[in-house]
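The block underneath contains the structure these notes are about, expressed in structure tokens.
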Protein chains: 2
Amino acid sequence: MSTPGRGLHGRVLDTLGPAITAGEYPPGSVLRTDELAQHFEVSRSVMREAVRVLESMHLVESRRRVGVTVRPKCEWNVYDPQVIRWRLAGADRPHQLRSLTVLRSAIEPVAAGLAAKQATAEQCAELTECALGMVAHSRGHRLEGYLVHDIAFHRVILAASGNEMFARLGDVVAEVLAGRTHHEVMFEDPDPAAVTLHVQVAEAVRAGDGARAEELTRQITVGALHELDVLAP
Amino acid sequence: MSTPGRGLHGRVLDTLGPAITAGEYPPGSVLRTDELAQHFEVSRSVMREAVRVLESMHLVESRRRVGVTVRPKCEWNVYDPQVIRWRLAGADRPHQLRSLTVLRSAIEPVAAGLAAKQATAEQCAELTECALGMVAHSRGHRLEGYLVHDIAFHRVILAASGNEMFARLGDVVAEVLAGRTHHEVMFEDPDPAAVTLHVQVAEAVRAGDGARAEELTRQITVGALHELDVLAP
DNA sequence: CAGAGCCGAAAAGTCAGACTTATATGTCAC
DNA sequence: GTGACATATAAGTCTGACTTTTCGGCTCTG
């Protein structure tokens with residue numbers, strides 16, 4: 001999914017990023033570039049590059065004569081896909097999953113409403129195909145196949161909305177759905193009602209019925225939130 | 001608002017970032033680190049740090065033997081506040097402003113609904129104060145004072161929602177509102193209906209009426225979208 | 001002529017060391 | 001106590017040499 005080993009500084013980030021987002025260094029903690037470089041056994045140049053990246057994510061702040069101080073959580077760039085991945089891999093995965101699901105519940109219905117007005121014929125076809133794929137994999141413990149089509153479905157909706165901000169949430173939704181399937185205790189087969197709703201959304205979008213697409217999608221996200229309440233109270 | 005001169009690499013970014021987001025280098029363009037370093041009259045180390053930051057924003061991709069290639073727009077981290085600022089400062093400001101306003105229209109109503117259920121007494125007080133401030137500055141060409149209270153109002157709503165993803169959009173909303181006031185041709189006095197709606201939202205939140213807060217906020221954002229249609233068709 | 005494999009050059013990547021600059025903090029005089 | 005000043009510290013910058021990857025062309029072969 002991401003790019004694991006893109007240079008030495010990348011490997012440093014793979015350890016340091018998760019550590020910071022996991023709260024291993026409490027906000028206000030001070031790190032020193034030289035010490036970090038020694039600890040990771042890399043040159044200072046490499047370490048500096050890593051720090052710059054963390055800084056651009058607002059995870060840390062580098063100040064002369066002080067060092068690299070960890071910022072409080074509320075200042076992090078929580079929409080950075082990398083940060084999202086790190087946090088989903090860490091201890092507060094459940095909390096993060098809930099935040100993102102609430103975000104979905106706000107965005108996706110609106111996106112679906114817009115998609116109904118703007119989706120191309122090709123996108124409508126893709127949507128139907130995805131929905132059918134979900135139906136096909138909805139029974140018999142075939143969660144992996146179901147997941148693939150589920151992700152694709154929501155990606156198409158977000159892309160078809162014509163709004164770039166919505167479209168870029170495709171990756172986030174993918175992470176959430178994957179996380180739900182793989183790590184939360186999910187039912188062995190997906191909720192039949194949800195499957196039906198997806199099919200109906202595809203129909204509504206094809207028919208250009210924005211209000212209906214929005215309402216149906218709202219039901220999907222409400223269901224997702226409810227499921228989260230039941231399985232991870 | 002941001003941190004303008006945080007080192008040499010920051011100053012490089014201040015010119016290179018806007019240039020890329022403005023589409024000055026079409027997707028696929030190849031830059032060379034050494035040339036850039038020469039052009040900006042900085043050392044390679046500094047240039048490399050700048051490139052790393054751009055890379056973490058998914059604006060460019062650095063590959064051996066190839067160079068630094070500009071990524072297509074659809075891959076950018078468009079939620080990065082820095083990227084948002086750069087784009088708002090550039091040529092496609094109107095387009096960007098519209099995207100962000102649509103985003104607001106999806107998020108803020110839901111946030112207001114949640115805020116009604118979770119806002120602390122202090123937050124309710126702040127909200128009322130902001131609304132009153134808006135009323136006080138709603139006449140007599142006092143747009144600046146109005147803007148300050150408008151921004152504060154929406155910040156509080158987003159924060160009070162209790163969702164960190166919503167809360168972090170405070171800066172984005174601030175940019176949008178500021179951009180609207182300063183650069184789009186805004187009416188000399190704000191829409192009285194909008195002012196009233198803000199007061200009513202504050203009341204609804206204080207009363208704990210989520211559905212009403214959500215609906216009223218929806219009206220605010222619909223108004224904002226409509227205003228955008230009228231002023232920047 | 002096509003495909004596999006080899007080779008060289010180009011550009012990023014890495015490192016080490018010396019130097020500069022800002023700045024937090026302690027010290028001292030008043 | 002308060003101000004100015006000195007000092008130590010850690011980030012910031014620059015340079016030059018070296019390493020590593022990999023693209024693109026070349027040749028060799030079938």
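Note on naming: letters A, B, ... go to the chains in the order of the sequence lines (proteins, then strands), and numbering restarts at 1 for each one.
Shown for residues 58-69 of chain B: residues whose heavy atoms fall under 4.0 angstrom of DNA chain D, namely Arg63(B), Arg64(B), Arg65(B), Val66(B).
A straight line from CD of Glu55(A) to P of dA10(D) spans 18 Å, rounded to a whole angstrom. Protein atom CD of Glu35(A) is 14 Å distant from nucleotide atom C1' of dA11(D), rounded to whole Å. For the pair Leu36(A) CG and dA11(D) P, the interatomic distance rounds to 9 Å; values are reported in whole Å. As a whole-Å value, the separation of Leu8(A) CG from dC18(D) P is 20 Å. For the pair Glu49(A) CD and dG12(D) P, the computed distance is 13 Å after rounding to whole Å. Taking atom CZ on Arg11(A) and atom C1' on dG13(C), their separation rounds to 12 Å, with Å as the unit. Between Met47(A) atom CE and dG12(D) atom P there is a gap of 12 Å when expressed in whole angstrom units. For the pair Leu54(A) CG and dA11(D) P, the interatomic distance rounds to 14 Å; values are reported in whole Å.
Classified by interplanar angle (parallel below 30°, tilted 30° to 60°, perpendicular above 60°), the ring pair Tyr79(B)/Tyr79(A) is parallel.
No more than 12 heavy atoms of other residues, nucleotides or ligands sit less than 6.0 Å from atom CD of Gln38(A). Atom CD of Glu129(B) is surrounded by 12 or fewer heavy atoms from other residues, nucleotides or ligands within 6.0 Å.
Nearest-nucleotide positions on DNA chain C place Leu31(B) closer to the 5' end than the other of Leu31(B) and Arg44(A). Each of Glu41(A) and Asp34(B) was assigned the nucleotide of DNA chain C with the nearest heavy atom; the assignment lying further toward the 5' end belongs to Asp34(B).
Taking only side-chain nitrogens and oxygens, Arg48(A) comes nearer than 4.0 Å to OP1 or OP2 of dG12(D). For Arg52(A) and dG12(D), the shortest distance from a side-chain N or O to OP1 or OP2 is below 4.0 Å. Residue Ser45(B) places no side-chain N or O under 4.0 Å from the OP1 or OP2 atom of dT13(D).
The existence of a salt bridge linking Asp14(A) and Arg6(A) is confirmed by a sub-4.0 Å separation between a basic side-chain nitrogen and an acidic carboxylate oxygen. For the pair Glu49(A) and Arg52(A), the salt-bridge criterion is not met [side-chain N within less than 4.0 Å of a carboxylate O].
The closest side-chain heavy-atom distance from His198(B) to Asp150(B) is below 4.5 Å.
With 3.5 Å as the limit, one finds a donor-acceptor pair spanning the side chains of Ser99(A) and Glu164(B).
Closest to the side chain of Val42(B), out of dC15(C), dG16(D), dC14(D), is dC14(D).
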